[in-house]
2 protein chains.
Amino acid sequence: MSVSSKCYYAIRAIYALAEHGNAEPMKIADIAEQEMIPIRFLEVILGQLKGGGFVQSRRGAEGGYRLTRSADSLTVGEIMRYVDGPIAPVDCVSQSRPKECEFHGECHFFGFWGRVRQAISNVVDRTTFADLIKESKERNRDFVNEWMI
Amino acid sequence: MSVSSKCYYAIRAIYALAEHGNAEPMKIADIAEQEMIPIRFLEVILGQLKGGGFVQSRRGAEGGYRLTRSADSLTVGEIMRYVDGPIAPVDCVSQSRPKECEFHGECHFFGFWGRVRQAISNVVDRTTFADLIKESKERNRDFVNEWMI
DNA sequence: CTAATCTTGACTTGTCTGGTCGAAATGGGG
DNA sequence: CCCCATTTCGACCAGACAAGTCAAGATTAG
């Protein structure tokens, strides 16, 4: 039930871009340093995210990456699905590309796996990157307050 | 976010044993046929489940496997954890063996991944094999009723 | 022009998945 | 005590995938 490190890297890269803001592009090297991602691997990942239309790039000096959509309309679930494929624990309950298993309508587990899938979806498809940034800021503020008292 | 086919096979094997009842042991070949599991692979899986204390075996003629615990005290989550490892989407939010990541207390995603893990756990750790059997029976009854009308 | 930056695609290395196979140990029935 | 059905155990294997690495080229700002 775990996400690939590639997928987690992708999420962190998008987070970094969202936090950076879209005023000017952010360089691969900066993203890599901030999020501790191997730079060569990050190149591959950003290339893939570009292919999915999540980010756009500008080459040359002062180039870099930026988001194509606003952080509050982009959910973590979208990135997870794009990088790692369907979120469903087994293929037969996938929303986007269900694949019927050999038990057809008589599978004992169909309802169960469906509930698992729905539980995951309820979290990842309702959380946007804007939510994550907000949450992180609040956590940080609480931490500072606590530290100052 | 998907479970391995080995894990799904394990779940189906336990289900078959639970449904069969513990009066007499069930043969590997019968489990394999009923649940459509490659028999040689099932041998490996049952060996592993025996190592985990979930099933016990009797050799020789009239031998086979049976559950060591009752179906209503055995959750699907236990089997998933035993076969596939922690349910957590990333290591740092694992209940049983958390592994701190390089961001320590300042990870932007800790809360998020924790909510994902909890959502999955709420389903898999609260569903017993007795629940699955009951659900399947009800579904079957509804189906028959519908068909008879 | 040149330095900074992204682009592309091939390559590597190790681990995991999903099995298969053969021989040995064990237990029940005759 | 012997035979046969059955589990048991460890070895083996091919292919896919994960997680990176690398080199050379295209593009753009200044």
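Note that the structure is a prediction, hence the values are computed from the model and not measured. All chains are named by letter (A, B, ...) in the order of the sequence lines, taking the proteins before the strands, and each is independently numbered beginning at 1.
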Peer 1: Return no unless some side-chain N or O of A/Ser5 is found under 4.0 Å from OP1 or OP2 of D/dG20.
Peer 2: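 True: A/Ser5 side-chain N/O within range (under 4.0 Å) of D/dG20 OP1/OP2.
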Peer 1: Indicate yes or no for a side-chain donor-acceptor contact from B/Thr127 to the backbone of B/Val123 under 3.5 Å, with no hydrogens or angles considered.
Peer 2: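 Yes, because the side chain of B/Thr127 sits within donor-acceptor range (under 3.5 Å) of the backbone of B/Val123.
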Peer 1: For the pair made of CD in A/Glu24 and C1' in D/dA29, what is the distance, rounded to whole Å?
Peer 2: 14 Å
Peer 1: For A/Gln48 and C/dT7, give me the distance from atom CD to atom P, rounded to whole Å.
Peer 2: 14 Å
Peer 1: So if you build clusters from Ile, Leu, Val, Met, Phe, Trp, Tyr with side-chain heavy-atom gaps below 4.5 Å, do A/Val83 and A/Met36 land together?
Peer 2: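 Unlinked, A/Val83 and A/Met36 end up in two clusters.
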Peer 1: Applying side-chain contact (heavy atoms from CB on, under 4.5 Å) to B/Arg12 and A/Phe109, what does each step give before you reach the verdict?
Peer 2: CA-CA 9 Å; B/Arg12 275 150 59 182; A/Phe109 305 97; 3.3 Å; yes
Peer 1: Charged N to carboxylate O below 4.0 Å: is that the case for B/Arg126 and B/Asp131?
Peer 2: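 So B/Arg126 does not pair with B/Asp131 through a salt bridge.
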Peer 1: Using only side-chain N and O atoms of A/Ser4, determine if any of them is under 4.0 Å from OP1 or OP2 of D/dC17.
Peer 2: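 No, no such contact exists.
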Peer 1: Output the rounded distance in Å from CD (B/Glu62) to C1' (D/dC4).
Peer 2: 12 Å
Peer 1: Verify the cluster assignment for A/Phe110 and A/Phe103: are they in a single hydrophobic cluster under the rule of side-chain heavy atoms below 4.5 Å apart?
Peer 2: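 No, it is not one cluster - the side chains of A/Phe110 and A/Phe103 are not joined through contacts under 4.5 Å.
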Peer 1: OP1 or OP2 of D/dT6 sitting under 4.0 Å from any side-chain N/O of B/Lys27?
Peer 2: yes
Peer 1: Starting from P on D/dT7, measure out to CD1 on B/Ile28 and report it in whole angstrom.
Peer 2: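 These atoms are roughly 5 Å apart.
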Peer 1: Could you work out which one of D/dA26, D/dA29, D/dG20 sits closest to the side chain of A/Ala61?
Peer 2: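 Of all the options, the side chain of A/Ala61 is nearest to D/dA29.
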Peer 1: Taking for each residue the nucleotide of DNA chain D bearing the nearest heavy atom, is the 5' side occupied by A/Leu42 or by A/Arg59?
Peer 2: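 Result: A/Leu42.
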Peer 1: Between atom CD in A/Glu43 and atom P in C/dT5, what is the gap in whole Å?
Peer 2: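 Whole-Å distance recorded here is 12 Å.
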Peer 1: Rounded to the Å, how far apart are B/Ile37 CD1 and C/dT20 C1'?
Peer 2: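 In whole Å, C/dT20 C1' and B/Ile37 CD1 are 16 Å from each other.
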Peer 1: Could you tell me the separation between the CD1 atom of B/Ile45 and the P atom of C/dG18, rounded to a whole number of Å?
Peer 2: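 Value for this atom pair: 9 Å.
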Peer 1: With a 4.0 Å cutoff (strictly under), does any side-chain N or O of B/Lys50 reach OP1 or OP2 of D/dT7?
Peer 2: no
Peer 1: With respect to the phosphate group of C/dG19, does any side-chain polar atom (N or O) of B/Tyr9 fall under 4.0 Å of OP1 or OP2?
Peer 2: yes
Peer 1: Does B/Val44 or A/Leu46 map to a spot on DNA chain C nearer the 5' end, using the closest nucleotide for each?
Peer 2: A/Leu46
Peer 1: Nearest whole Å is fine: how far is C/dT13 C1' from A/Phe41 CZ?
Peer 2: 13 Å
